[in-house]
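Since the structure comes first, as structure tokens, the remarks are kept for the end.
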Protein chains: 2
Amino acid sequence: MAEARTSTPRERYRTQVRAEIKEHAWEQIATAGASALSLNAISKRMGMSGPALYRYFDGRDELITELIRDAYRSQADTFRAAAEAGADLAGLAHALRTWALEDPQRYFLIFGTPVPGYRAPDDITEIAAEIMTVIVDACAALPSEPTPDGAAEAFDTHLETHRQWARDHPASPAALRRALSFWTRMHGVLSLELAGQFTGMGFDPALLYAAELEGLLGP
Amino acid sequence: MAEARTSTPRERYRTQVRAEIKEHAWEQIATAGASALSLNAISKRMGMSGPALYRYFDGRDELITELIRDAYRSQADTFRAAAEAGADLAGLAHALRTWALEDPQRYFLIFGTPVPGYRAPDDITEIAAEIMTVIVDACAALPSEPTPDGAAEAFDTHLETHRQWARDHPASPAALRRALSFWTRMHGVLSLELAGQFTGMGFDPALLYAAELEGLLGP
DNA sequence: CACTTCAGTTAGAAGTTATCACGAACATTA
DNA sequence: TAATGTTCGTGATAACTTCTAACTGAAGTG
């Protein structure tokens, strides 16, 4: 049994081809969207014919799932890198926007239209939880906390006993609520901007993003 | 030249078949997503074979565009109906959420992953502008206005001269900014909820939605 | 050297969108 | 009424797609 002490040439070849396939897939997704991803086109552009690709991926679904996984990992890495570089919540927001604009279709691979039947593998939701943890940490480290009014207070008491999504993070409910607001508000602006819903409207999305961010940091 | 005085039986039949096709399409989209929409399957389920459908729609793209148009119209109708029934901004938020939960895939047909090349026809963007107008009206009718801090103030001055998206609505910049915040924040929560990003996290999305709404009405 | 493993091939099934040419039903006009 | 169009639905066909099966050849292993 090959102990995989380093890696056999065959394994290296295999992972290299897999990576090349994914690269072509990303290229295709960026230009035509995930729904137009064609295994056939990838194979032909790599100089091999049709079914050869099935040696490396079980099929279209597995390839896309792998791309989704990479997208999540990429986002988690940017967040973690920003946090380790000492970024606060505003820094995270900036890193997120930069990352999203870098490849809109990658963003939509995570946050775009869901396929009704699809259920993400557990290791992917694990990465998602890791991302949330970074955000919650940043919210807990902020000097002030958002003051709860009516509905916010109700939500805070709800969060008191519903925080397993944050891995039972010891932060205050207000901090948890701010983390969720951060997520939803930044996503709200970003997704609409990346989807092109603002094009032709005339205002600068970056300013809206900044305003939403500051409104989140303030009270 | 048939003056189309009322409508010929053939025209009635035609529009009826078109409607039936769209109904089957909606059904299919709701269960499997728009990317899995199959003209073939629709034809067969209607008892006619393959290419017959091309008498009624130029092709897949035209059918989907028509569905998008209907989705926009449906949303515009709900907003308008709510506004005419005297709903304030909170009422609009409630109507929006109900409408979205009614058919998530219809929501994503409007706000979901964009197809890189696709450009919506002008009459559709017209409906979108109509929707924005209702929201801006509701924001202008609110008693208080959001107080601008730093970035919000910068955005307000920007909106002073960039308001053609609101058909040059005479509302104050603060009201316009609130309208945009309303749109992005409600969409932020809704889209993530409908995409299933909250499932397994344990908290109630409705409470988050309510909290975000109230945070929008307050200051 | 023999044997196994694996990459890549062609062939083919089943599905899709979309076009074409034809017959049949319908509507309109002479 | 009869002739003439117009439109609907059909089967055949092309060009795609994913994906399976069987086969060839090369690379690594005992």
Side-chain angles (χ1 to χ4, degrees), chain A residues 1-25 27-29 31-68 115-118, chain B residues 1-25 27-29 31-68 115-118:
Chain A
M1 254 168 232
E3 304 243 340
R5 58 176 55 193
T6 58
S7 82
T8 72
R10 250 189 183 158
E11 272 173 353
R12 261 173 298 169
Y13 178 77
R14 192 178 169 74
T15 62
Q16 203 266 353
V17 173
R18 266 180 79 103
E20 194 175 340
I21 291 173
K22 290 204 280 186
E23 224 157 277
H24 281 97
E27 207 172 299
Q28 219 173 87
I29 285 180
T31 61
S35 63
L37 192 150
S38 161
L39 301 188
N40 240 327
I42 293 176
S43 315
K44 281 176 186 167
R45 206 169 298 178
M46 286 180 65
M48 54 193 203
S49 196
L53 211 142
Y54 286 79
R55 293 272 168 200
Y56 301 95
F57 291 95
D58 266 0
R60 221 184 92 108
D61 285 5
E62 211 221 68
L63 174 56
I64 289 186
T65 297
E66 182 72 20
L67 296 177
I68 293 175
V115 178
Y118 185 77
Chain B
M1 253 169 233
E3 303 244 337
R5 56 176 59 195
T6 58
S7 83
T8 72
R10 244 186 184 160
E11 272 173 354
R12 263 172 298 171
Y13 176 75
R14 190 176 170 77
T15 62
Q16 203 265 356
V17 173
R18 268 181 77 104
E20 194 175 341
I21 291 173
K22 290 203 280 186
E23 223 156 276
H24 281 97
E27 210 172 297
Q28 218 173 88
I29 284 181
T31 62
S35 62
L37 192 151
S38 161
L39 300 188
N40 241 328
I42 293 176
S43 315
K44 280 174 187 169
R45 206 170 295 180
M46 287 181 65
M48 52 193 205
S49 196
L53 211 144
Y54 286 80
R55 295 274 169 202
Y56 301 95
F57 290 96
D58 266 0
R60 221 184 92 108
D61 286 6
E62 210 221 68
L63 174 56
I64 290 186
T65 296
E66 182 71 21
L67 296 177
I68 294 176
V115 177
Y118 184 77

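Because the structure is predicted, anything quoted here is derived from the model rather than measured. Throughout, a chain's letter reflects where its sequence line sits, starting with A, and its residues are numbered from 1.
- Between B:Tyr13 and D:dG9, a side-chain N or O to OP1/OP2 separation shorter than 4.0 Å is present.
- In this structure, the side-chain contact (heavy atoms from CB on, under 4.5 Å) partners of A:Arg10, at least two apart in sequence or on a different chain, are A:Thr8.
- Within residues 15-25 of chain A, no residue has any heavy atom closer than 4.0 Å to DNA chain C.
- In terms of position along DNA chain C, the nucleotide closest to B:Tyr54 lies nearer the 5' end than the nucleotide closest to the other residue of the pair B:Tyr54 and B:Pro9.
- In this entry the distance linking CD of A:Gln28 with C1' of D:dT17 reads 12 Å, nearest Å.
- In this structure, A:Met46 places its CE atom 13 Å from P of C:dA7, rounding to the nearest Å.
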Extract all donor-acceptor atom pairs below 3.5 Å that involve side chains of residues 32-49 of chain B and protein atoms in other chains or at least two apart in sequence.
residue, atom, partner, partner atom, Å
B:Ser38, OG, B:Asn40, N, 3.4
B:Ser38, OG, B:Ala41, N, 3.0
B:Ser43, OG, B:Leu39, O, 2.8
B:Ser43, OG, B:Gly50, O, 3.3

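- Between B:Arg60 and C:dA18 there is no side-chain N or O to OP1 or OP2 distance below 4.0 Å.
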Collect all protein-nucleotide pairs involving nucleotides 10-16 of chain D in which both atoms are nitrogen or oxygen and the distance is under 3.5 Å.
residue, atom, partner, partner atom, Å
D:dT10, OP2, B:Ser49, N, 2.7

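- Here B:Arg18 pairs with B:Glu66 under the salt bridge (charged side-chain N to carboxylate O under 4.0 Å, His left out) rule; sequence neighbours left out.
- B:Tyr54 meets the side chain to side chain donor-acceptor pair (under 3.5 Å) test with no other residue; sequence neighbours excluded.
- Take A:Arg14 and apply the side-chain contact (heavy atoms from CB on, under 4.5 Å) test, not counting sequence neighbours, and it matches A:Tyr56.
- Within the 4.5 Å cutoff, no side-chain heavy atoms of A:His24 are placed close to those of A:Gln28.
- Summary of the strand contacts: B:Arg10 and B:Leu39 both lie near DNA chain C, and taking for each the nucleotide with the nearest heavy atom, the more 5' one is attributed to B:Leu39.
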